[in-house]
Every structure is written in C-alpha cells, then in structure tokens.
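First comes the structure, then the notes that go with it.
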Number of protein chains: 2
Amino acid sequence: MTTIKDVAKKLGVSVSTVSRAMNNHPDIRPETKQEVLEAMKELNYTPNAVARSLIQRRSYTIGLMMPDITDPFLSAMAQGIEEVLSDDGYQVVYGNTSRSREKEESFLLSAAQRKMDGLIITSDFMDSEMIQLLKNLDIPVVFLRRRPPAELEMPFVDVDHYQGSCKAVEYLLSLHHEHIGFIGMPEYSYTGQERYRAYRDTMNKHGIDIHPEGIVFGARSYEGGFQAMAQLASAYSQMTAVFAANDILAIGALEWLAEQKVSVPGQMSIVGFDNLEVSNLHWIKLTTVAQPRKEMGRRAAELLMTMIQTKGSKGSSILFDTELIIRNTCQSHT
Amino acid sequence: MTTIKDVAKKLGVSVSTVSRAMNNHPDIRPETKQEVLEAMKELNYTPNAVARSLIQRRSYTIGLMMPDITDPFLSAMAQGIEEVLSDDGYQVVYGNTSRSREKEESFLLSAAQRKMDGLIITSDFMDSEMIQLLKNLDIPVVFLRRRPPAELEMPFVDVDHYQGSCKAVEYLLSLHHEHIGFIGMPEYSYTGQERYRAYRDTMNKHGIDIHPEGIVFGARSYEGGFQAMAQLASAYSQMTAVFAANDILAIGALEWLAEQKVSVPGQMSIVGFDNLEVSNLHWIKLTTVAQPRKEMGRRAAELLMTMIQTKGSKGSSILFDTELIIRNTCQSHT
DNA sequence: CTGAAAGCGCTTACAG
DNA sequence: CTGAAAGCGCTTACAG
C-alpha cells in the first residue's frame with residue numbers, strides 16, 4: 001500500500017507538504033501542490049481515511065438505525081437520508097434492529113466505538129439505560145418518527161400523525177357517518193397510539209359515542225387487517241365506516257370485505273393512512289392520508305448536518321403536514 | 001474521552017496489559033484481567049475502533065452498494081445481509097447509487113479510503129475503469145444480482161432468471177397458448193435481458209413463432225406495464241397470454257385489462273416474475289415466479305464472510321432456484 | 001505473565 | 001512557503 005511517505009520520498013519533500021497539498025491548505029506554493037498531486041496520481045495513492053479520522057476525531061460517518069428497512073415507508077426515508085448525506089461526503093452505516101432491544105443497544109455501542117459523527121434513529125426502546133447510552137455518546141442525534149424522551153434535548157422529525165388522523169376521521173364525519181370503527185396498529189406502536197388518540201378525540205369533540213366493540217388492534221400485516229375487519233363486522237353491526245391506522249391494515253380490511261361481497265363504499269367506507277403506492281392500484285383506490293416520506297428523510301439528514309456543522313446547536317424539530325387523498329373508498333352515509 | 005492510558009494509569013499497569021485484557025489475549029493472569037475489566041467499567045471506557053482499525057488493517061466494515069433501497073426486492077436482500085453481517089460484528093455501510101455511474105465510482109473510491117473489508121455490490125456500470133478500481137481495492141467482493149466481468153474472478157449470487165422465465169413460458173405453453181406476448185424491463189437491465197432471452201429460447205424450442213409486435217419493453221413502474229399492455233393489445237390481436245418480466249409490469253398490465261373489461265384469465269392469461277407481496281392481494285392473485293430474496297442476501301453475506309476469513313479464497317457463486325407460484329391469472333386456451 | 005518501545009498513516013502547531 | 005516533531009489511541013513483537 002502506498003502512503004503519504006512514499007509520495008513525499010518520491011518528490012523529496014516532507015510529509016507535511018504532501019498533506020497540505022491534498023487538503024487544500026493555503027500555505028503551499030501552487031507549483032509544489034501541482035507536483036504533489038501528480039505524484040499522487042502516478043503512484044496511485046489513496047489517502048487512508050482511517051488514519052485521518054483518528055487524528056481529526058471525525059469519521060465522516062453517520063449511523064442510521066431503523067426497525068425494518070423492508071418497510072416501504074422506512075426505505076423511502078432511508079433513501080432520502082443517503083442522498084443528502086453522501087452529497088456531503090458522509091457515509092451512512094445502516095443498522096437494522098428488527099425491533100429488538102439488544103440490537104438497538106449493540107448498534108449504539110458500536111456507534112460509540114466507531115466514533116460516528118451523528119445518528120438518525122427510529123428507536124423503539126428508550127428506557128433509562130438506553131438514554132444514558134445516548135447521552136454518553138455526546139454526538140448529535142435526530143429522532144426519526146419517534147419522540148425523544150424529555151431529558152434528552154434532541155430534535156425529531158416526523159409527520160403530524162395526530163392531525164392527519166383527525167383529518168381522516170373528520171372526513172368520515174363530514175360524510176355523516178356516526179358508527180365509525182377503528183383498526184389500530186399493535187398497541188406499543190408510537191405512531192399507532194397517536195392515530196388512536198386522534199380518533200378518540202375527534203369522535204368526542206363531535207359528541208359521538210365511541211363503541212368499545214368498534215375498536216380492534218391488528219397485527220402489522222394484510223392478514224392483520226383482514227382479521228380485524230372480520231372481528232369488527234361481527235361485533236359492531238351498526239358500523240358504516242372504518243378508520244384504519246395504516247394502509248396495510250386498510251387493504252387487509254378491504255380484502256375481507258371483498259371476499260364477503262360487502263360493497264365499498266356502498267355499504268362500508270374505509271380510510272387508511274400512509275398513501276403507499278399499492279393504495280392507488282385500480283382495484284383499491286383507497287382514500288388515505290399522505291405523508292412526504294422521502295422529503296422527511298432528506299430534512300432529517302439536513303437537520304443533522306447543520307447540528308454537526310454548528311457545534312452545540314440543539315437543532316429544532318420538524319413536524320410535517322399530511323394531506324388527505326380522497327379516492328374511491330368512502331361515500332356519504334344517508 | 002477516556003483512553004486505554006487512563007485505565008492503565010488508574011491501575012498502575014501498562015497499556016499493553018489493558019489491551020491484553022480487553023482482547024482476550026491468553027498471556028494475562030486472570031486476576032489482572034478481572035481488575036482491568038472492572039476499571040474499564042468504572043471509568044466508562046469505550047475502546048476506539050478507529051485506532052484499532054488503523055493498526056490491524058481491518059475496519060470490520062463492509063460496503064453494500066445498491067441502485068435503489070426502495071425496491072422491495074433489494075431491501076429484502078439488504079435486510080438479510082445486515083442480519084448476518086451484524087451478527088459477525090461487521091457494520092454495513094450502505095450506498096445508494098440511483099443507477100448513476102458517478103455515484104458508483106465515488107462509493108468504490110470511498111471503500112478504498114475507508115479500508116472496507118469487503119463489498120457486496122449490485123453494479124450497473126462495469127466498464128474498464130470501474131473494473132480497474134475494483135481490482136485496486138484488493139478486497140473480497142461479491143456481486144449480487146449481477147455477473148462480474150470475466151477478468152475479475154469474483155463470485156456472484158443470484159437467482160436463475162433464465163430458468164425461472166423458462167418455467168413461466170413453459171407453463172403458458174402447457175396451457176396451449178401460442179400467441180404469447182412479452183412485456184420486458186428497460187433493455188439495459190441485466191435481469192430483463194435474461195428473462196427476455198428465456199422467452200425467446202423457450203418459444204423457439206417449441207417451434208412457436210415469435211411475433212415482433214408482441215414484444216414491448218416497459219418502464220420500471222405500474223404505469224409502464226399499463227402502457228405496454230395497451231400497446232400489445234392493439235398491435236397483436238391474436239394474443240391470448242402475456243409473460244411480463246416482473247410483477248410490477250404484470251400488475252400494470254392487469255390494471256389496463258381491468259379497465260378495459262378484458263377478463264383475466266378468461267380472455268387473457270398473465271404470468272409475472274418476483275412474487276412481490278402485492279401479487280397475492282385478493283384482487284390480483286397473480287401467477288408468478290418466486291425467488292428467495294432474504295435468503296439470497298443472507299447467503300451473499302455468508303459467502304463474503306468466508307472469503308474474508310479464508311484469505312485468498314475466490315469464493316464460489318450461488319445460483320438459486322425459482323419456483324412457479326400458480327394463482328388465478330392463467331387458464332387453459334381452448 | 002508484564003512492560004517498554006515501535007509503529008499504524010495521517011495532521012497540526014511550531015520554527016524557520 | 002516548508003520541514004521536523006509530536007501525537008491521535010491503539011496493538012504487537014521483543015525482552016525479561
């Protein structure tokens with residue numbers, strides 16, 4: 001492997017000079033710089049970023065911790081993140097947690113050892129030990145799609161799940177539905193909780209009774225939505241509309257309805273949340289709530305970059321607006 | 001930041017001893033080791049992996065270069081890769097290329113500078129310059145879903161696109177279809193070429209004429225499949241079946257057919273390729289060819305690990321079998 | 001079993 | 001503008 005020493009020797013200059021040439025240091029004669037650059041090319045020299053990191057205490061590496069890159073939502077955000085970070089010369093180290101506490105912990109440990117310059121995390125286990133770990137890291141962190149615990153003074157970027165869900169329920173209400181069921185995500189899910197809270201609050205605000213049998217929490221899959229819809233239909237027979245906390249669940253519900261020949265929106269109205277690509281398929285055309293996924297990733301990365309550049313800045317959180325996308329799964333209740 | 005020196009000082013031992021304690025070196029008295037380990041904990045010491053990498057010439061980092069993490073196929077493989085690599089204490093550095101030559105080149109350059117230990121790449125631009133770059137890296141590389149150029153002696157892992165596509169076309173043939181159209185991916189796509197080749201060969205093998213107007217190459221989207229089907233239907237009126245080179249295209253075609261009230265499989269049979277999750281949706285139930293995505297990622301990672309561990313091993317390629325999944329979009333032609 | 005010393009490949013004051 | 005020297009935080013022969 002050729003090092004800075006080799007190119008210094010070839011030219012009969014010092015290593016300092018070579019270093020200055022490749023780092024665009026002002027204190028160097030243009031001709032000297034030119035010679036060095038040429039020698040580097042001739043020798044096929046590649047600077048060793050590891051050595052540089054050690055001395056500069058910057059690795060130009062940022063960690064991205066996510067539960068599941070397979071989730072279309074998360075992968076779109078990851079792409080946005082990678083785009084802005086790589087443009088700035090940073091590398092993204094990707095850690096999949098599979099919603100396992102152990103994997104989250106080991107990723108954070110690894111971030112400490114590898115001297116990562118910053119972190120973007122979608123964390124599912126923010127207990128006191130984890131918080132301590134994050135504090136000890138002493139690097140900028142932005143939470144993506146999660147709220148940081150109060151003692152952490154770190155920013156987050158997310159969509160306004162609450163407001164978006166209010167829109168969805170308001171829409172159903174504006175269509176004169178009163179018996180509105182709810183299909184939720186697993187109860188531990190943060191986003192699921194927010195969407196559920198919005199459902200309750202909106203119903204209450206309009207003075208509409210919430211029927212406990214009209215609420216069910218499904219698994220994170222089409223099958224979960226399918227089962228949930230089956231349960232709802234049998235337990236809450238007056239129901240004329242359903243707000244499903246995400247599109248996957250909504251589509252699972254639509255499958256059950258199709259199988260049972262319940263016409264949508266004729267007999268049942270459905271609203272989802274996420275605006276996944278499949279929701280726009282000809283047979284589905286789901287009315288849902290859209291969020292700017294890739295843009296969220298981009299903004300999270302940009303936020304982290306400014307936090308890194310202006311050291312000590314806490315960074316301010318970003319809450320994106322949602323948009324109700326009206327398609328074909330809702331109809332006025334008469 | 002606390003370093004190995006701090007813990008040595010606290011205990012009045014040498015840094016060598018501390019180093020030996022944390023690296024499970026045999027030449028250390030168990031009691032000494034115990035003391036060191038405790039001191040490390042007390043001081044909240046975290047080893048600096050950057051320093052270690054510099055001296056050991058291993059970064060425990062592998063690079064994963066992919067065109068688009070948003071593609072459900074690639075993200076599933078990425079997940080498989082991350083799982084096995086992180087279990088082995090390796091980190092995965094993720095680079096999105098967006099099918100841009102420039103981004104591929106800069107990722108490879110970065111791999112050299114960061115002293116990555118290995119690479120898994122889905123490369124779209126293997127020209128001579130790129131090949132040279134890869135050679136200079138002098139680290140294990142496995143190609144994922146691509147063939148390495150002949151002069152590179154590197155292994156690949158992929159599914160047998162050719163054989164899988166033969167199965168699809170043979171199936172249509174077994175149903176007595178003779179006028180079989182083909183919807184392809186963009187022509188530069190490697191996987192697309194293989195699937196097209198299989199279509200042609202299988203038709204020829206059975207002595208069936210291929211009609212040039214029955215072949216169209218679509219864009220990489222539902223819309224692309226939609227347009228392609230429209231074109232095919234008007235140009236090739238005897239057509240009774242279509243092999244679409246991937247599920248997205250197939251579903252786009254199904255959308256057009258549904259919109260035109262052409263019954264599937266009554267008037268038109270369709271086979272896809274990929275077995276994406278959406279293909280199993282109630283309204284779609286697409287007959288298609290399945291590939292073990294996550295498993296492919298896992299095996300690619302395992303292959304890379306053995307190449308790294310047994311230095312100098314070239315590694316042998318892995319070609320996965322496909323499986324024809326028969327659902328509801330094909331019917332016998334009478 | 002333990003320590004002193006050299007060295008990994010760079011950067012960065014400090015002198016000149 | 002340039003060079004010699006110290007140092008980033010470790011690991012690893014080499015002596016003892």
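Residue numbers begin at 1 in each chain, while the letters A, B, ... track the order of the sequences. For clarity, every value in this text was computed on a predicted model and none was experimentally measured.
- Distance alone, capped at 3.5 Å, is enough to place a donor-acceptor pair between the A/Asp117 side chain and the A/Tyr60 backbone.
- Looking at heavy-atom distances under 4.0 Å, A/Ser53 makes no contact with the nucleic acid at all.
- Side chain of A/Thr122 to backbone of A/Leu144: a donor-acceptor contact under 3.5 angstrom is found.
- A donor-acceptor pair shorter than 3.5 Å cannot be found between the side chains of B/Ser86 and B/Gln91.
- For B/Arg146 (side chain) and B/Ser123 (main-chain N/O), a donor-acceptor pair under 3.5 Å exists by modelled atom type.
- Under 4.0 Å is where a charged nitrogen must lie from a carboxylate oxygen, and between A/Lys294 and A/Glu83 at least one such pair does.
- In this entry D/dC1 has C/dG16 as its Watson-Crick or G-U wobble partner, both defining distances falling under 3.5 Å.
- Regarding contacts with the backbone of D/dG3, a side-chain N or O of A/Thr17 is found under 4.0 angstrom from either OP1 or OP2.
- Classified by interplanar angle (parallel below 30°, tilted 30° to 60°, perpendicular above 60°), the ring pair B/Tyr190/B/His161 is perpendicular.
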_Output one letter per nucleotide in nucleotides 9-16 of chain C: B when a protein non-hydrogen atom lies under 4.0 Å from the base, S when only the sugar-phosphate is that close, - when neither is._
BBBBB---

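- Side-chain atoms of B/Val13 lie closest to C/dG3 of the nucleotides C/dC1, D/dC1, C/dG3.
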